[in-house]
Amino acid sequence: MSESSGPGNFIRTIIDEDLAAGRTAGRVVTRFPPEPNGYLHIGHAKSICLNFGLAQDYGGVCNLRFDDTNPLTEEHEYVASIEQDVRWLGFDWGERRFHASDYFERLYEFAVRLIGKGSAFVCDLSHDEVRDARGTLTRPGRPSPYRDRPVQENLALFARMRAGDFPDGSRTLRARIDMASPNLNLRDPVIYRIRRAPHYRTGDAWCIYPSYDWAHGQSDYIEGVTHSICTLEFQDHRPLYEWFLEQLDAQPRPRQIEFARLNLAYAVMSKRLLQQLVRERVVSGWDDPRMPTLSGLRRRGVTPEAIRQFCAGIGVAKADSLVDMGFLESCIRKDLEPATPRVMCVHDPLRVVLTNWPQDRVLELEAPYFPDESGRQGTRLVPLSRELFIEREDFMEDPPKGFFRLSPGGEVRLRRAYVIRCDEVLKDAAGTPVELRCSVDLETLNAAPVGRKVRGIIHWVSARHALPAQVRLYDRLFAVPNPTGDKEGDFKRHLNPDALQVLAGAMAEPSLAAARPGERYQFERKGFYFVDPLDAAPGKPVFNRIVTLRDTWARLQDQQGPPGA
RNA sequence: UGGGGCGUAGCCAAGCGGUAAGGCAGCGGGUUUUGAUCCCGUCAUUCCUAGGUUCGAAUCCUAGCGCCCCAGCCA
C-alpha cells in the first residue's frame, strides 16, 4: 500500500500479474508524459502520483518525458512550470528527464523501417481529402490513391519531406493499416506531417514532426517503459500502439493501460478551458488561487501533502467520476489541522466598548498558538483594551433558537479572555448596529462564570492594536458541479461571481504584523489562511483563505433556509 | 445504425464464486475557552434491469437499459 497511489487498484493487479509472469524481467518503468503547452492541474497530479507512486512502490523508476511533438503550441515556459510543479508535489525524476524530441532521429529511422516493410506510405492527399476519405463511424473509408506507392518511391519522397522539398501540409506519411477498420485510428493514420515551425528545443532542424501515436509508443519503447499509463480516451489508440510496436519487432514491449481522468466538481479540468480563462483575464493567471492548477493551489496555500492524500484517496479506476470538492477540502483540513498556529482575525468588524474597562488599561494576554489539548508549545501576546472589534455576524439582535453568540442582554466569552455581556446596542440611522456597549465579568479570566453557563465563544481583536489586513476569500470557481456538462453554451456562464471576495476592513491581531510570506495560520472559527508570497509586504500581510473550517452552525442555518428570505 | 469502455450508498471506491472493505458527506451522542479538532455509534438484506447456471452470484452466461469516448496533419 502506498500513500501516493492508494491500495488495490486494477493497475496494480496488472503489474502484479506481469511481474509474476516474468513479463518485464522484474522491472517497473513508468513515465509521466506532459505536453509542454499549458500548466499542470490537479488532474495531472493524479497521474503524477500514480506513475511516480507505482515506480516507488515497485522499486522501479518513473521518467519525466515531455511529449513535445507539436511545435505550434509548445513553449519552454511550460516545461519550466511543469518541472517546478512536479518537484513541488514531491516527486523526483533524478536524471530521467526526457523529451520526445530527443528521439526525432530514431523515430525517423523507425519510420523508414516501416516504409521498407510496406507498412507506411507517403500520401499526397490534402487535409480535406484525407478527411473525406476516412469514412464515418458507420461507413468504411476509401484507400488513398497513393497507398500502393512502391517502397523506393516512398523512401525517396519521405527523405524529401524531411529535406524540406514540399510545402507545409502538402504530404504526409501514413501507416498502411486498414481503411475499413471500425476503429478509425487504424484507417491509415498520419504519422508525419510537414510543419515549418521552429521547435522550442530542436529549432529549425526539422520541418516534419511525428504525430502523437507514432511518437508516444516508440518513445516508451526507447525508454524501456514497462507500463504506459494514460487516460481513457486513448483506449481506442491501443491497437495502433501495439501495431506499431509489432511492426518494429520491439522487444520487450511496453504495455498501455488506461484509467479514468479526474473530474472535480465545480471546476474545469481541461487545459484548453483553463487557458481560455487565463487569456480572457477571467482569472489573474495560471496561478490564480481559484484555479485547479497546481500553481493556483500552491498560491492559495494548499500543501503538496494534501494533494497527495487527495490523489491517494480518490482511487484509480475506469469509471467516469466527478469527485466532490468536499473531499479535497477534507484532505486540506486534515493536513493543516495538527500543526497550523491559531490566531484571531475579524473579517467584518463591529465595534465593542467595554464600559467597565479603564480607558487606558491594556492587558497583554499570553495566548497559546495551539489548542490546549494538542500538547504543542508556543504562545503570542494578545492585547486587550477598552475597545474591540468582533465579527459582525457574531452579534444578532433577534437571534434564532440555538444561537449562542452575542445578543442584547446576552453573554459570550471572548476567546482566551473574559466573558462579556451586551448591555446596549448603538445603531445608525438605517438601524444597523454600529457599536455594542458591553460589560466585562472580571472574574472570568481562565475561569468559568459563576451561577450560569456561557456557551458561546467568539474571536475578537483590540481596536487600538488591530492590524488592518487584506484578506482574500476564495471559493469554488464555478457555481454548478459540472460546468461543461451541457453540450451547448459557454461554460463561462456558470462562473461563480463570488469565487473571490476581497475583504476591505479585516482586522487582525497585532502579532500578525510579523507574518511572513508563505506562512499558514488558522484564523480561529474561520479557516486556514496563507500569507500570499507575492503580494504581502513587511508589516502588511495579505491572507489567502485556503479553506474554511467546518461550520456546523452555518450548515444548520442553510437547512432552515436563508435568513430573511 | 460502427467500434471501444463503464454502471457497487449522495460522492469516490474495494471486491476476482463462499454471503457487500474503506474514505468523504449525512445522522445520533460524548469531550471541548474554536458551533473547529477529537472520540463513540449509525449509514447498501443488496451491487443498472430481467432472466439463467450454481448448494451458493456484485462476481459466470444471455438479453436489455443507461452513460462516456472515437470521424485533428492535437495530445
Side-chain angles (χ1 to χ4, degrees), chain A residues 6-10 13 33-35 37 67-70 72-74 123 125-127 130-131 134-141 168-174 181-187 189-195 208-209 211-213 215-216 230-239 258 260 265 271-272 312-331 333-334 337-338 342 344 371-374 402-405 413-417 419 444 446-448 454-459 481 522-527 548-556:
Chain A
N9 62 53
F10 77 101
T13 306
E35 185 190 10
N37 68 346
D67 224 339
D68 52 358
T69 57
N70 183 0
L72 261 24
T73 56
E74 295 154 5
C123 180
L125 255 25
S126 72
H127 200 306
V130 169
R131 179 166 22 81
R134 186 159 26 232
T136 69
L137 294 179
T138 50
R139 255 197 307 277
D168 284 10
S170 63
R171 283 182 166 82
T172 54
L173 184 70
R174 294 226 260 161
S181 172
N183 181 344
L184 305 210
N185 294 119
L186 298 180
R187 319 243 263 227
V190 168
I191 61 181
Y192 270 96
R193 69 280 215 196
I194 304 174
R195 197 107 112 190
I208 57 172
Y209 290 94
S211 64
Y212 164 84
D213 285 304
H216 201 92
C230 62
T231 43
L232 252 30
E233 66 270 27
F234 292 104
Q235 282 178 123
D236 289 345
H237 294 242
R238 192 179 347 121
E258 310 87 11
K271 259 197 265 185
R272 202 189 98 244
I314 55 176
V316 178
K318 297 189 74 163
D320 291 319
S321 64
L322 185 62
V323 176
D324 200 326
M325 185 64 95
F327 182 62
L328 209 211
E329 293 175 350
S330 159
C331 293
R333 291 190 192 106
K334 197 169 187 168
E337 160 62 35
R342 272 66 165 174
M344 294 191 285
D372 301 338
E373 69 277 11
S374 74
F403 180 84
F404 43 81
R405 275 106 95 152
R413 177 178 290 279
L414 298 176
R415 174 71 166 157
R416 316 224 94 127
V419 169
T444 54
N446 298 319
V454 174
R455 177 86 197 272
I457 299 158
I458 62 174
H459 59 282
Q522 182 192 107
F523 291 168
E524 290 200 85
R525 306 207 308 130
K526 283 294 182 185
T548 62
L549 257 29
R550 257 179 104 237
D551 190 346
T552 306
W553 173 248
R555 207 186 60 235
L556 290 173

Taking for each residue the nucleotide of RNA chain B with the nearest heavy atom, is it Arg333(A) or Gln235(A) whose nucleotide lies nearer the 5' end?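 By nearest-heavy-atom nucleotide position, the 5'-most residue is Gln235(A).
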
5' precedence on RNA chain B between Ala319(A) and Lys334(A) (nearest-nucleotide basis):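 This one resolves to Ala319(A).
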
Listing time: all N or O pairs from protein to nucleotides 66-70 of chain B that are below 3.5 Å?
residue : atom : partner   : partner atom : Å
C68(B)  : O4'  : Asp320(A) : OD2          : 3.4
C68(B)  : O2'  : Asp320(A) : OD2          : 3.3

With a cut-off of under 6.0 Å to the ring centre and 45° to the axis, is Arg455(A) in cation-pi contact with Phe404(A)?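 Output yes; distance and angle both within limits.
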
Contacts of Arg134(A) that satisfy salt bridge (Lys or Arg N to Asp or Glu O under 4.0 Å) - sequence neighbours left out: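 Arg134(A) satisfies salt bridge (Lys or Arg N to Asp or Glu O under 4.0 Å) with no residue once adjacent residues are dropped.
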
Spacing of [X] atom [atom1] relative to [N] atom [atom2], expressed in whole Å:
| X | N | atom1 | atom2 | value |
| --- | --- | --- | --- | --- |
| Arg131(A) | C74(B) | CZ | C1' | 15 Å |
| Ile191(A) | G72(B) | CD1 | P | 18 Å |
| Lys318(A) | C6(B) | NZ | P | 5 Å |

Under 3.5 Å, sequence neighbours excluded: what are the donor-acceptor pairs made by side chains of residues 313-325 of chain A?
residue   : atom : partner   : partner atom : Å
Lys318(A) : NZ   : Gln235(A) : OE1          : 3.0
Asp324(A) : OD1  : Gly326(A) : N            : 2.9

Watson-Crick/G-U partner (both atom distances under 3.5 Å) of [N]:
| N | answer |
| --- | --- |
| U32(B) | none |
| A63(B) | U49(B) |
| A21(B) | none |
| C74(B) | none |
| G41(B) | C27(B) |

How far, in whole Å, is A21(B) from U42(B) if one measures between their P atoms?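 Between the two P atoms, the distance is 13 Å.
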
Between U46(B) and A14(B), how far apart are the two C1' atoms, rounded to whole Å?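 It comes out at 16 Å once rounded to the nearest Å.
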
Go along nucleotides 26-35 of chain B 5' to 3' and tag each nucleotide: B for a protein heavy atom under 4.0 Å from its base, S when only backbone or sugar atoms are that close, - otherwise. SS----BBBB

Quick one: label [X] by what it contacts on the DNA or RNA (base, sugar-phosphate, nothing), any heavy atom closer than 4.0 Å.
| X | answer |
| --- | --- |
| Arg195(A) | sugar-phosphate |
| Ser374(A) | nothing |
| Phe327(A) | sugar-phosphate |
| Leu322(A) | sugar-phosphate |
| Leu125(A) | base |
| Ser211(A) | sugar-phosphate |
| Thr548(A) | nothing |
| Ser330(A) | sugar-phosphate |

Among residues at least two apart in sequence or on other chains, which ones pass side chain to side chain donor-acceptor pair (under 3.5 Å) with Ser126(A)?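 Checked Ser126(A) against side chain to side chain donor-acceptor pair (under 3.5 Å); matches are Glu129(A).
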
Kindly write out the residues that satisfy side chain to side chain donor-acceptor pair (under 3.5 Å) with Glu524(A), not counting sequence neighbours, or none if the list is empty.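 Glu524(A): side chain to side chain donor-acceptor pair (under 3.5 Å) contacts with Arg415(A).
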
